[in-house]
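Throughout, residue positions are numbered sequentially from 1 according to the sequence presented.
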Amino acid sequence: MSKYSQDVVRMLYENQPNYISGQYIADQLNISRAGVKKVIDQLKHDGCDIKSMNHKGHQLNSLPDQWYSGIVQPIINQLELFDQLEVYRTVDSTQLKAKKALVDNKDSFLILSDEQTEGRGRFNRYWSSSKGKGLWMSLVLRPNVPFSLIPKFNLFIALGIRDAIQHFSKDRVSIKWPNDIYIGHKKICGFLTEMVANYDAIEAIICGIGINMNHTESDFSDEIRHRATSVRLYADSKMNRYDFLKVLLSEIHKRYKQFLNKPFETIREEYIEATNMWHRQLVFTENDHQFIGEAVDIDQDGFLLVKDDKGNLHQLMSADIDL
């Protein structure tokens, strides 16, 4: 791909639905009109629906279902949350890419991929990350906070993801403590938080997020169709991936600032209201211990309080929960 492709696709995207002239693009990039035509032809070959007309210029009608760093970069520039952006067509896992990128790197950064071949969620469970359908990304953040606050990070970020999906969904979006997002009884998002630390400080939080964004019913296998869903199935139309990403990162940024500056107690009631596990008998697995119980509260430290079928109260920091 030409080194100018990302700049050209950004200009076309930002000027939709208007035409922009080849001369304007050439002047902005300090290249020839022939160079512009070469880039436009390549973008068309890659799947961009671009209409070109003499005396009018070029008009972008639609993009293929993939990420362009030229469009993503201005979005993250507005947030001032990341120092670095990496965009891929396919990776084994954005989480693994993030871990490798941490070597000799002190930046905060965002990694996006159109596809993951080895996506994993909590408890090392496989996460289907089909090409062009979802949002598969990892955030690397550098909070200057004590170890004790890290479990609460998930609770703040879960609210941010819930709020972003709710912005597009006509149905209520809820949280299954602590790392899953649901619509109704179906899962729409999972995220995995890992910490990199030395003996005296946190070096980074790596937060991998997988959201089923534009899947239709037929995109889910028979094995998971009864328990998986996507944003598109509850929205008015197919999602514009860049509009969705902009809202998502904005909501995450908002909750991340809260995490850095506010105690969990300030959002506790909001989180309880957003949770979907109340008044139900559920199966809880903590480490190798499994029991049946009912979630009764979330305490000021973010722990889930569960009363088992024998009347014993359990305080859970993390657990596998079958809804």
Side-chain angles (χ1 to χ4, degrees), residues 119-130 133-137 151-193 207-236 239 244-245 247-248 251-252 254-255 264 267-286 292-298 302-306 316-323:
R120 290 290 184 271
R122 295 174 71 225
F123 309 107
N124 202 36
R125 289 179 178 141
Y126 175 72
W127 181 276
S128 176
S129 311
S130 51
K133 295 292 183 179
L135 189 150
W136 326 123
M137 71 180 187
K152 300 185 183 72
F153 173 85
N154 286 339
L155 309 181
F156 283 88
I157 296 304
L159 279 174
I161 298 171
R162 188 282 309 257
D163 292 344
I165 296 174
Q166 190 67 74
H167 182 85
F168 297 92
S169 172
K170 293 180 288 187
D171 288 39
R172 179 178 180 265
V173 184
S174 61
I175 298 169
K176 188 185 85 168
W177 177 95
N179 291 72
D180 294 331
I181 312 298
Y182 275 67
I183 296 181
H185 64 281
K186 294 185 177 183
K187 185 173 176 177
I188 197 168
C189 166
F191 66 99
L192 172 67
T193 301
C207 183
I209 302 172
I211 301 178
N212 297 331
M213 184 171 54
N214 270 319
H215 297 69
T216 62
E217 289 281 359
S218 61
D219 291 318
F220 296 113
S221 67
D222 292 340
E223 181 184 359
I224 66 170
R225 190 172 298 154
H226 67 286
R227 52 188 172 87
T229 191
S230 76
V231 185
R232 180 180 182 177
L233 295 174
Y234 297 89
D236 291 324
M239 308 298 299
F244 183 77
L245 179 66
V247 172
L248 176 65
E251 294 293 345
I252 287 175
K254 169 187 167 183
R255 297 297 183 174
F264 174 69
I267 65 160
R268 176 173 166 271
E269 290 300 325
E270 183 180 7
Y271 189 92
I272 289 172
E273 176 63 28
T275 304
N276 63 1
M277 303 182 303
W278 310 121
H279 312 299
R280 304 166 66 180
Q281 288 289 307
L282 304 171
V283 178
F284 298 84
T285 305
E286 185 184 32
I292 296 172
E294 180 179 334
V296 295
D297 202 359
I298 296 173
F303 294 106
L304 184 68
L305 303 182
V306 178
L316 305 182
M317 183 175 70
S318 178
D320 187 22
I321 306 169
D322 291 331
L323 291 184

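F220 and H215 have parallel rings, their planes meeting at less than 30° on a 0 to 90° scale where 60° marks the start of perpendicular.
Minimum interatomic distance between D222 and H226 (heavy atoms only, all atoms of both residues): O-ND1, 4.3 Å. The heavy-atom pair separating A228 from N212 by the smallest distance is CB-ND2, 4.4 Å. Minimum interatomic distance between D163 and R255 (heavy atoms only, all atoms of both residues): OD2-NH2, 2.7 Å. S230 approaches N214 most closely through the heavy-atom pair OG-C, 4.4 Å. Taking both residues in full, the closest heavy atoms of Y271 and P178 are given as OH-CA, 3.7 Å, listed atom of the first, atom of the second, then distance. Looking at every heavy atom in both residues, A295 comes nearest to M277 through CB-O, 4.3 Å.
At least one side-chain heavy atom of L248 sits less than 4.5 Å from a side-chain heavy atom of I211. For the pair D322 and L282, the minimum side-chain heavy-atom distance is 4.5 Å or more. Residues I321 and L304 have side chains in contact (heavy-atom distance under 4.5 Å, counting atoms from C-beta outward). Under the 4.5 Å side-chain criterion, counting only non-hydrogen atoms from C-beta, R227 is not in contact with K187. Using a 4.5 Å cut-off on side-chain heavy atoms (C-beta onward), I188 and V231 make contact. Here the side chains of L135 and M239 are not in contact, with every heavy-atom distance at 4.5 Å or above. E294 has its side chain within reach of H279: a pair of non-hydrogen atoms, C-beta onward, lies under 4.5 Å apart. The shortest distance between side-chain heavy atoms of I298 and F264 falls below 4.5 Å.
The number of heavy atoms from other shown groups lying within 6.0 Å of CD (E273) does not exceed 12. Dense packing is recorded around CD1 of I272, with more than 12 heavy atoms of other residues, nucleotides or ligands lying under 6.0 Å away.
R268 pairs by the salt bridge (Lys or Arg N to Asp or Glu O under 4.0 Å) definition with D297, not counting sequence neighbours.
A donor-acceptor pair under 3.5 Å is absent between the side-chain atoms of E251 and the main chain of I157, judged by distance alone. Judged by distance alone, with hydrogens and angles left aside, the side-chain atoms of D219 form a donor-acceptor pair with the main-chain N or O of T216 at under 3.5 Å. Listed for the W177 side chain is no donor-acceptor partner under 3.5 Å among the backbone atoms of A319. Formation of a donor-acceptor pair under 3.5 Å by the N179 side chain with backbone atoms of F191 is found in this model.
The NZ atom of K176 sits 12.0 Å away from atom SG of C189, with the distance rounded to the nearest 0.5 Å. Expressed to the nearest 0.5 Å, how far CZ of R162 lies from CD1 of I175 amounts to 5.5 Å. Annotation: the span from I292 atom CD1 to F284 atom CZ amounts to 10.5 Å, rounded to 0.5 Å.
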Report task. Apply the test side chain to side chain contact (heavy atoms under 4.5 Å, CB included) to residues I165 and F244: give CA-CA distance (whole Å), side-chain angles for both, the deciding distance (0.1 Å), then the verdict. Result -> CA-CA 8 Å; I165 296 174; F244 183 77; 4.1 Å; yes

**Report entry** Evaluation steps, side chain to side chain contact (heavy atoms under 4.5 Å, CB included), between D236 and K170
**Finding:** CA-CA 8 Å; D236 291 324; K170 293 180 288 187; 3.4 Å; yes

Report task. Run the numbers on I183 and K186 for side chain to side chain contact (heavy atoms under 4.5 Å, CB included), then give the verdict. Result -> CA-CA 6 Å; I183 296 181; K186 294 185 177 183; 6.0 Å; no

